[in-house]
Amino acid sequence: MALLPESRTDTDGSATLRVLSYNVRSLRDDTAALARVIRACAPDLVLVQEAPRFFRWRKKLARLARAADLVILTGGAPAAGPAILCGLRATVERTEDVLLPLVPGHHRRGFATAVVRFGGARLGVLSCHLSLHSDERLEQAGMLLDRLSALGVEHAVAGGDLNDRPTGRTFRRLAGSLQDCWATAPWGGEHTSTPLDPHQRIDAIFATEGVQVLGCGVPREQPGVTQEDLRAATDHLPVLAALKVPAAGQS
């Protein structure tokens with residue numbers, strides 16, 4: 001299997017990025033294995049779900065970021081779990097953590113969002129973890145699309161734990177407006193749950209039109225990623241995408 005392209009900035013200002021989406025289950029598993037997986041993927045951006053939210057959550061998330069050679073961009077407790085990590089290559093324009101309407105008896109959900117620049121490329125970013133409940137999840141998909149539009153950028157990427165499969169209403173709603181990166185350029189593995197028995201794709205990365213998807217999937221054969229670490233790190237498998245983002249003003 002060919003490797004995904006490495007990150008770079010081209011002379012025309014466009015940027016090739018690696019984006020990783022990963023449900024880390026509140027760091028309740030083997031965090032050393034988790035950090036090794038993330039570091040081996042060499043991401044520019046990590047869209048985290050189930051980041052620590054309670055006692056000393058900042059310290060715990062900062063420890064993971066440091067072990068993975070990244071920094072915290074936004075999210076965590078203020079976004080009810082989603083977070084974004086990034087490398088020092090990113091220039092941050094702004095961030096915003098968004099809490100979604102709370103349905104009594106359900107878990108609180110939110111979005112971690114940011115606008116960043118890599119060279120001449122400007123990118124909106126959103127990390128999400130959608131509801132376990134079908135109707136609420138579908139509504140949240142609409143909120144996600146509205147939030148991406150509200151970022152006011154031409155190009156954007158969104159990813160996370162959808163709690164829905166590609167045949168589901170929520171997944172299809174997102175894929176109807178955005179590129180489903182796995183379907184556009186499949187690479188690596190498809191199924192993200194569970195690490196011991198991968199049989200369903202409930203985690204995904206989406207990109208707006210104009211972003212070129214160079215490859216996307218579970219990085220099972222990425223150098224430095226071992227099956228032992230994938231099984232030990234958390235209860236989901238990660239999704240890694242290589243994207244080429246045009247310079248601002250280019251289509």
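The first residue of the sequence shown is numbered 1, and numbering continues consecutively from there.
- Side-chain contact check for Phe171 versus Arg165: every heavy-atom pair is 4.5 Å or farther apart.
- Under a cut-off of 6.0 angstrom, the local environment of NE2 in His107 is sparse, with at most 12 non-hydrogen atoms contributed by other residues, nucleotides or ligands.
- The closest side-chain heavy-atom distance from Leu162 to Leu130 is below 4.5 Å.
- Between Asp164 and Leu174 there is no side-chain heavy-atom pair separated by less than 4.5 Å.
- The closest donor-acceptor contact from the side chain of Trp187 to the backbone of Ala2 lies under 3.5 Å.
- Atom CG in Asp229 sits 12.5 Å away from atom OG1 in Thr234 (nearest 0.5 Å).
- Side-chain contact between Asn163 and His129 is present, with at least one heavy-atom pair separated by less than 4.5 Å.
- With salt bridges taken as basic N to acidic carboxylate O contacts below 4.0 Å, none links Glu154 and Arg122.
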Determine whether Ser193 and Asp235 satisfy the following criterion, side-chain contact (heavy atoms from CB on, under 4.5 Å), listing intermediate values before the conclusion.
CA-CA 7 Å; Ser193 177; Asp235 63 346; over 6 Å; no
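- With salt bridges taken as basic N to acidic carboxylate O contacts below 4.0 Å, none links Arg231 and Asp29.
- Clustering ILVMFWY residues whenever any of their side-chain heavy atoms sit less than 4.5 angstrom apart, transitively, puts Leu100 in the very cluster that holds Leu151.
- Within the 3.5 Å criterion, the main-chain N or O of Leu99 finds no donor-acceptor partner in the side chain of Arg109.
- No continuous path of ILVMFWY side-chain contacts below 4.5 Å connects Val115 to Val46, so the two sit in separate hydrophobic clusters.
- In the hydrophobic cluster analysis, where Ile, Leu, Val, Met, Phe, Trp and Tyr join through side-chain heavy atoms closer than 4.5 angstrom, Leu4 is grouped together with Val218.
- Contact annotation: the side chain of Val37 approaches that of Pro238 to within less than 4.5 Å [non-hydrogen atoms, C-beta and beyond].
- With hydrogens and angles disregarded, no donor-acceptor distance shorter than 3.5 Å links the side chain of Asp10 to the backbone of Asp12.
- Judged by distance alone, the side chain of Thr31 and the main-chain N or O of Leu34 form no donor-acceptor pair under 3.5 Å.
- Of the possible donor and acceptor atoms, one in the side chain of Arg89 sits under 3.5 Å from a partner among the backbone N and O of Arg8.
- Although no hydrogens or angles enter the test, the distance criterion places no donor-acceptor pair under 3.5 Å between the side chain of Arg201 and the main chain of Thr192.
- Checked by atom type and distance alone, the side chain of Thr74 never pairs as donor or acceptor with a backbone atom of Ala112 at under 3.5 Å.
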Between Val125 and Val116, does a side-chain contact (heavy atoms from CB on, under 4.5 Å) hold up when you go through it step by step?
CA-CA 8 Å; Val125 187; Val116 296; 4.0 Å; yes
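- Among all heavy-atom pairs drawn from Trp57 and Gly76, the shortest one is CZ3-CA, 3.8 Å.
- Using a 4.5 Å heavy-atom cutoff, the side chains of Pro219 and Arg18 are not in contact.
- Ala42 and Ser7 make their closest contact through O-OG, 4.3 Å (heavy atoms, listed as atom of the first residue, atom of the second, distance).
- Rounding to the nearest 0.5 Å gives a distance of 6.5 Å between CD1 of Ile205 and CG of Leu20.
- Residue Gln212 holds its CD atom at 9.0 Å from CD of Gln179, rounded to the nearest 0.5 Å.
- If you take CG on Asp203 and CG on Leu47, they are separated by 11.0 Å, rounding to the nearest 0.5 Å.
- Looking at every heavy atom in both residues, Ala80 comes nearest to Gly110 through CB-N, 4.2 Å.
- Between Ala67 and Ala35, the shortest heavy-atom distance links the atoms CB-CB, 3.7 Å.
- With a 6.0 Å radius and a threshold of 12 heavy atoms from other residues, nucleotides or ligands, Glu6 has its CD atom at or below the threshold.
- When atom types are taken as modelled, the side chain of Arg36 and the backbone of Gly224 share no donor-acceptor pair closer than 3.5 angstrom.
- Atom-to-atom distance recorded for Leu85:CG and Ser127:OG is 9.0 Å, nearest 0.5 angstrom.
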Please step through side-chain contact (heavy atoms from CB on, under 4.5 Å) for the pair Val225 and Cys41, ending with a clear verdict.
CA-CA 8 Å; Val225 174; Cys41 291; 4.2 Å; yes
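- When all heavy atoms are compared, the tightest approach of Asp97 to Pro78 is OD2-CB, 3.5 Å.
- Atom CE of Met143 and atom CG of Leu126 lie 13.0 Å apart (nearest 0.5 Å).
- In this structure a side-chain-to-backbone donor-acceptor pair under 3.5 Å is missing from Asn23 to His236.
- Between His133 and Val103 the shortest side-chain heavy-atom distance does not fall below 4.5 Å.
- With sequence neighbours excluded, the residues forming a side chain to side chain donor-acceptor pair (under 3.5 Å) with Ser131 are Glu136, listed by chain and number.
- No more than 12 heavy atoms of other residues, nucleotides or ligands lie within 6.0 Å of CG in Leu88, so this atom counts as exposed by the packing criterion.
- Two different hydrophobic clusters hold Val48 and Leu243 under the rule that ILVMFWY side chains link at heavy-atom gaps under 4.5 Å.
- Put simply, the side chain of Phe206 reaches to within 4.5 Å of the side chain of Asp180, judged on heavy atoms.
- Clustering ILVMFWY residues whenever any of their side-chain heavy atoms sit less than 4.5 angstrom apart, transitively, puts Leu178 in a cluster other than the one holding Val213.
- In this structure, Glu209 and His155 approach most closely via the heavy-atom pair O-ND1, 3.9 Å.
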